Amino acid sequence: MGKLQGKVAVVTGGTTGIGFAIAKRFVDEGAYVFITGRRQKELDEAVKAIGSEVAGVQGDVSKLQDLDRLYGTVKAKGKIDVLVANAGTGEFAPLASITEEHFDKLFDLNVKGTLFTVQRALPLMNDGGSIILIGSVASIKGTPAFGTYGATKAAVRNLVRAWTMELKDRRIRSNVLSPGPIRTPLVELQPPETIARMLATIPMGRMGEPDEVAKAAVFLASDDSSFVTGIELFVDGGRGQV
């Protein structure tokens, strides 16, 4: 029997990369999973690739009406046991060239979207459920031209600190899962010299794989982490730890 047998999970941004790997791993562990994505074609392809016990709901987590439509669909399954707020974006911008558009894009999706993804889910969350926010090692490491992104992920970390206290009476655990450089389609679009610089910062000498993050997500979603809340779990090959 899987570690998430009979659970209902929601994974935002589940069409590719880390979100897709988490959704697939959750299904393999026995959960029924709802995934979201902004583009219908990619969403349909992800649902087909996972195969069964999965449903896709198109939407943008920075738009509250899309979140309401998501949870209106999820409501048919009754309750949510696990929520993974994964949808997010990142882009480089040196301090001198940061625009209001860049700032608003990152904070709307990474912070506003994450906050309201959780808020709108609460009426459906089972007492004793698990909330997992996808952070980043960038929240604790300074990276040139990546300051806005890092700031959004530092904000995500602090949200979990507050929610750990606010939701304790419902026994809802909130944790941050923070990857380092992971071999996702977005990372693989970076120039070779950028990837080489990333690898030079990782003690393990390689990038992580999406499924390695997904395995850690299963731990935080399951009863294996029943006494774990309020933490930031790094899956970063040691990048942020030394």
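Remember, it's a predicted structure, so these values are computed and weren't measured experimentally.
- Annotation for Q5: atom CD counts as buried by contact number, over 12 foreign heavy atoms lying within 6.0 Å.
- E101 and K105 are not joined by a salt bridge, as no carboxylate oxygen comes within less than 4.0 angstrom of a charged side-chain nitrogen.
- Each of V160, T229, I231 was evaluated against R173; a single residue qualifies, T229, per the side-chain contact (heavy atoms from CB on, under 4.5 Å) test.
- For R239 and T201, the side-chain atoms include at least one donor-acceptor pair closer than 3.5 Å.
- Two residues are said to be in side-chain contact when any heavy atoms from C-beta on lie closer than 4.5 Å; E91 and F146 fail this criterion.
- Surrounding CG of D223 are at most 12 heavy atoms belonging to other residues, nucleotides or ligands under 6.0 Å away.
- Using a 3.5 Å distance cut-off with no hydrogens or angles, the side chains of S139 and E232 do pair a donor with an acceptor.
- Cluster annotation: V228 and V235 are assigned to the same hydrophobic cluster (Ile/Leu/Val/Met/Phe/Trp/Tyr, side-chain heavy-atom contacts under 4.5 Å, transitive).
- Put simply, the side chain of S174 reaches to within 4.5 Å of the side chain of L167, judged on heavy atoms.
- Under the 4.0 Å criterion applied to side-chain N and carboxylate O atoms, R120 and D68 are assigned as salt-bridge partners.
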Start with the C-alpha gap between R197 and E193, add the side-chain angles, then the distance that decides, and say whether salt bridge (Lys or Arg N to Asp or Glu O under 4.0 Å) holds. CA-CA 6 Å; R197 284 198 301 270; E193 60 271 20; 6.0 Å; no

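- When all heavy atoms of N110 and K153 are compared, the closest pair comes out as ND2-CE, 4.4 Å.
- Looking only at side-chain heavy atoms (C-beta outward), I202 and D236 stay at 4.5 Å or farther from each other.
- Two residues are said to be in side-chain contact when any heavy atoms from C-beta on lie closer than 4.5 Å; V8 and K79 fail this criterion.
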Begin with the C-alpha distance, continue with both residues' side-chain angles, and end with the deciding distance and a verdict on salt bridge (Lys or Arg N to Asp or Glu O under 4.0 Å) for E212 and R206. CA-CA 13 Å; E212 293 180 296; R206 66 173 178 85; 2.8 Å; yes

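- Counting heavy atoms from C-beta on, the side chains of I172 and I131 come closer than 4.5 Å.
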In sequence, state the C-alpha distance, the side-chain angles, and the governing distance for I50 and F20, and then conclude on side chain to side chain contact (heavy atoms under 4.5 Å, CB included). CA-CA 8 Å; I50 293 171; F20 176 82; 3.6 Å; yes

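- In summary, K24 and D28 engage in a salt bridge, as defined by a charged side-chain N under 4.0 Å from a carboxylate O.
- R69 has a carboxylate O that lies under 4.0 Å from a charged side-chain N of D66, or vice versa, which qualifies the two as a salt bridge.
- No donor-acceptor contact under 3.5 angstrom links the side chains of R39 and T15, judged on distance only.
- Ion pairing between a basic and an acidic side chain is recognised when a charged N comes within 4.0 Å of a carboxylate O; K7 and E53 show no such pairing.
- For the pair E29 and K3, the salt-bridge criterion is not met [side-chain N within less than 4.0 Å of a carboxylate O].
- Side-chain contact, D108 with S62: no donor N or O sits under 3.5 Å from an acceptor N or O.
- Counting only heavy atoms from C-beta outward, the side chains of I98 and T148 approach each other to under 4.5 Å.
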